[in-house]
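Working notes, structure below.
Here is the naming used below: chain letters follow the sequence lines, and residue numbers restart at 1 for every chain.
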Amino acid sequence: MRSDDAPMITPQNILRHELIGLDVEILEASNPSLVGIKGRVVDETRNTLVIEKYDGREVVVPKDVAVFKFKLGDKYVKVIGSLLIGRPEDRLKKKIKNIYPY
Amino acid sequence: MGYSKRRIKKIALERIDILMNLAEEAYRKGELDRMRRYIELSRRIAMKARVSFPKKWKRRICKKCLTVLIYGENCKVRTVSDKNCPHVAIKCLNCGNVIKIPMVREKKLKRKLKRMKKEDK
Ligand SMILES: [Zn+2]
């Protein structure tokens, strides 16, 4: 679908890049019924991601309680959801705190 | 951690391209609400990053009803050779809004060439 000769989305810029259209899996969540959901991101708001499961149903997942695994080409990236908080257009310029101070 | 303006603009252009491709796909599938949402998001991103909307996509959206225009399918493209302002008119068949792209410069050039040809004869 997307022609990737040089991958646009990399693990370094995924926090500022587009999440809509990516394949996603939920690894951890405070709500156990959300764990293990696989699908495609179809919409994004400030605090939630809308994931369309492969059977066609849509699930609204809060960003800050979950850990996501995004598929980039043939690689996978694990992202802590609380880092993704912010409206999609605000995430572009958001300052990101250093969470691993080493 | 500082991201330079240039890098932000590059990411913004990439995001717009991704969203517009998805919007076109959504239109083909008949998911019109989703298409409108994607176009709205891509225009907001362009505003936020202060980049001009890419030429490739700029003329392919109807700003009034936020639809992806596919030439010959849901829009009508005509040249209008008006004396005062010759333009290319793109009419959205969904809402009837007309986008006008002036071509004064091209017309002037054509007239000039014609005159030169006459003088040669
Ligand atoms: Zn329209």
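From Asn13(A), atom CG reaches atom CZ of Arg15(B) across 10.0 Å, with rounding to the nearest 0.5 Å.
Hydrophobic clustering (side-chain heavy atoms under 4.5 Å, transitive across Ile, Leu, Val, Met, Phe, Trp, Tyr) keeps Val67(A) apart from Val24(A). Connection of Val98(B) to Ile61(B) is not established within any shared hydrophobic cluster, with ILVMFWY side chains joined at heavy-atom distances below 4.5 Å, either directly or through further cluster members. Val41(A) and Val59(A) fall within a single hydrophobic cluster, where Ile, Leu, Val, Met, Phe, Trp and Tyr are joined by side-chain heavy atoms under 4.5 Å apart, directly or via other members. Side-chain heavy atoms closer than 4.5 Å link hydrophobic residues (I, L, V, M, F, W, Y) into clusters, and following such links, even through other members, never connects Val65(A) to Leu49(A). Cluster membership for Tyr38(B) and Ile9(A), using ILVMFWY side-chain heavy atoms within less than 4.5 angstrom, is shared.
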* Go through the steps to decide whether Glu89(A) and Arg44(B) satisfy the test salt bridge (Lys or Arg N to Asp or Glu O under 4.0 Å), and finish with yes or no. => CA-CA 6 Å; Glu89(A) 69 267 26; Arg44(B) 265 199 227 153; 3.0 Å; yes
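Among Arg34(B), Lys5(B), Lys10(B), Met47(B), the residue with the largest count of heavy-atom pairs under 4.5 Å with chain A is Arg34(B).
For Leu41(B), the part lying under 4.5 angstrom from a heavy atom of chain A is the side chain only.
With Ile11(B) as reference, His17(A) is the one residue of Arg91(A), Met8(A), His17(A) to meet the side chain to side chain contact (heavy atoms under 4.5 Å, CB included) rule.
For the residue pair Ile20(A) and Ile18(B), the shortest heavy atom distance occurs at O-CG2, 4.2 Å. What you find for Glu25(B) and Arg40(A) is that their closest heavy atoms are OE2-NH2, 4.0 Å.
A donor-acceptor contact shorter than 3.5 Å is absent between the side chain of Arg37(B) and the backbone of Val42(A). In this structure, the side chain of Lys93(A) engages the main chain of Lys48(B) through a donor-acceptor pair within 3.5 Å.
More than 12 heavy atoms of other residues, nucleotides or ligands sit less than 6.0 Å from atom NZ of Lys53(A).
A heavy-atom distance below 4.5 Å is not found between the side chains of Glu18(A) and Leu22(B).
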